[in-house]
Amino acid sequence: MIEGLREMAVSNAASHGGRAQEGAVLGMLLAARPDLRADVPAASAEVARAVSEVNSMDPRDLQREAAALPAREPRREREGLPEIPGAAMGAVVTRFPPEPNGYPHIGHAKAAIINAEYARMYGGRFILRFDDTNPESERMEYHAAINVGLEWLGVRPDETKCTSDDMEEIHAAGGRLVGAGAAYVCTCSRDAMGRNRRDRAACRCSYDGPDEAQKKWRAMFTKSRPGSAVLRFRGDMKSDNTVMRDPVLFRIVDVPHYRQGTRYRVWPSYDMAVAIEDSRDGVTHSFRSKEFEMRAELAAAINGALGMRTPERGFFSRLELRGMPTSKRATRPLIEEGKVSWYDDPRLPTLEGLKRRGIKPEAVRRFVMSLGMTKSESTAPFESLVSFNRSVIDPVAGRLHMVEDPVRLDVAGLPPSVEIRNHPSSEMGSRTVDTSGGISIAEADAGALAEGSEATLMGIGRVRITRAGGSPAAEYLGGAGGQAIQWVPAGSHRLRILVPGELFRDGEYDEGSLSELDVYSEPAYLDVEEGAPVQFVRFGYCRKDSQTQAIFTHK
Ligand SMILES: [Zn+2]
């Protein structure tokens, strides 16, 4: 379809009670695309098709699609991130530091894309750093999944590293903090520590001098039991920023690490690891989602106590899609209970899930860039990603016929075969469909046909209905007119379509969030490449999951 035409038809229909007007849409199209004025009949035919498609939409779907339309001004001109004040070309180093404790999701995509894009904008360097200092929850499986996800997104780091490879340096920095009196070993119980942080009261351990603290710090590497001692930063127990109330910098974890095995037992906290790593890696700018904002003060304080440089920081809003929670707390139990098959379930906002649903990396990228560095907190509906995806897949999605509950339609004078274009733009060629064995249409369409009325069988032509009801019949007229309906030939291919909905509604798992349709498609579906997008006419875009299954992507 001509770029932007569907959007014009949708917006026209939405403002005219669900019925787009061909004349009005043609006017909009020719105004936007003067080049099409050379062949107005061709443009009119395209418009007629778009209008008929849009006018046959369910009104709720139409409203949804209309609401997701971007503002009228061309988006491309405003694309791109705001400039970084004072940043010099060639001197920007950014990083994306995921913890390998889960499958990457759309929130990771945002952080990775923004940091990589800033490095690119300034001809700088982008580091992928696995923040793997929490052996209890990290796994090689997740580490690998992050690599796979970034590759899919097209985010290519200039350098990839793991924080755990710098453990000696991080331990040494901890020792320097102890020596400088900026950190002390706390042997209070977890409860007591929680209480003293809540009450803003220092514990007795904090009165230890550097020598005593040093002795206890060394013991953490040898004889102290896990949970019996932690190293705490001497922050400010009175601070309104709870992060600053003598936070834990190191703890003992006697669990094998997925890369380091049992080499280490004293592991840094997230804040300690980030402060040291960003500084030693020469990171000049770090861009993270807003929930890390409170932690920036601590990283800067740790760097300050060690005389280390702190990168500039920028924050953007966290990206969540409505009804598609990214938290492991929400999704892991559903996977364990078998309610969600795996991390590639098309209802999930994981990169695997989005990919399986048929969302393209280019669409994720454009979506993220359109959000940019805004900090306003909002949960975006899935539809806001759809308009980006549609413009990526529409030019390459072959059109196919598919019907639910097929009913045979006897057509007198039916041509024995027809040639159907695979895509309204001719580059995708056409296919020959054998109609000699007869055709079937959807039960819902059959039920709406009245005797004596006319309809257009898409790709065949106009017919007049000679018998309505349970076993309908028609006679072939040719030309076009009346409601356009799709059909499948005899010997059509049985197929399941998975239709993903919002996984959560009002914060609760929705049992009905994944539905299945039992349908029949043209045999040409079998020739579609696995993973490729198709558009089932009058239904929507799907991704071919297998020979017998497709996944509904979006309208
Ligand atoms: Zn204590």
Side-chain angles (χ1 to χ4, degrees), residues 99 101 131-138 163-164 166-255 257 260 262-277 279 291-308 310:
E99 188 187 349
N101 64 353
D131 247 338
D132 58 340
T133 58
N134 192 3
E136 288 161 309
S137 52
E138 296 162 0
T163 299
S164 68
D166 298 328
M167 285 291 281
E168 268 88 18
E169 269 180 66
I170 298 169
H171 284 152
R176 291 210 303 283
L177 289 173
V178 175
Y184 60 91
V185 173
C186 175
T187 52
C188 296
S189 70
R190 189 190 273 261
D191 285 350
M193 210 185 304
R195 223 170 16 248
N196 77 39
R197 299 189 72 210
R198 231 177 3 258
D199 300 344
R200 308 187 186 210
C203 70
R204 284 231 309 275
C205 320
S206 70
Y207 300 135
D208 284 346
D211 290 346
E212 185 61 20
Q214 199 68 255
K215 205 158 63 191
K216 291 181 182 170
W217 165 243
R218 277 195 297 271
M220 282 177 67
F221 290 80
T222 52
K223 56 177 190 274
S224 303
R225 279 173 297 103
S228 69
V230 293
L231 188 74
R232 293 177 73 178
F233 186 66
R234 211 180 288 282
D236 177 3
M237 290 304 281
K238 303 271 183 268
S239 175
D240 288 332
N241 182 355
T242 51
V243 173
M244 293 306 292
R245 293 182 202 159
D246 292 15
V248 172
L249 298 184
F250 287 90
R251 62 200 182 102
I252 303 168
V253 184
D254 252 345
V255 168
H257 181 274
Q260 306 292 353
T262 53
R263 195 173 303 160
Y264 305 109
R265 71 189 305 252
V266 177
W267 290 94
S269 66
Y270 163 83
D271 300 293
M272 180 69 188
V274 164
I276 305 305
E277 290 289 283
S279 198
E291 72 267 26
F292 291 97
E293 203 162 8
M294 299 276 278
R295 318 206 72 88
E297 185 182 354
L298 173 56
I302 293 170
N303 288 146
L306 290 165
M308 293 175 95
T310 296

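First listed ligand is number 1; within each ligand, the first listed atom is number 1.
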List in chain and number order the residues that pass salt bridge (charged side-chain N to carboxylate O under 4.0 Å, His left out) with E168, two or more places apart in sequence or in another chain; answer none if no residue qualifies. none
If the test is side chain to side chain contact (heavy atoms under 4.5 Å, CB included), which one of T187, N196, D246 qualifies with C203? N196
Does the separation of the ring centres of W217 and Y184 fall below 6.0 angstrom? no
Can D208 and K216 be counted as an ion pair, charged N to O under 4.0 angstrom? yes
Would you mind checking if R245 and D199 are paired as a salt bridge, meaning a charged N to carboxylate O distance below 4.0 Å? no
Between S224 and I252, is any pair of side-chain heavy atoms under 4.5 Å apart? yes
Excluding waters, which are neither shown nor counted, protein N/O/S atoms under 2.8 Å from the Zn ion (ligand 1) come to 4
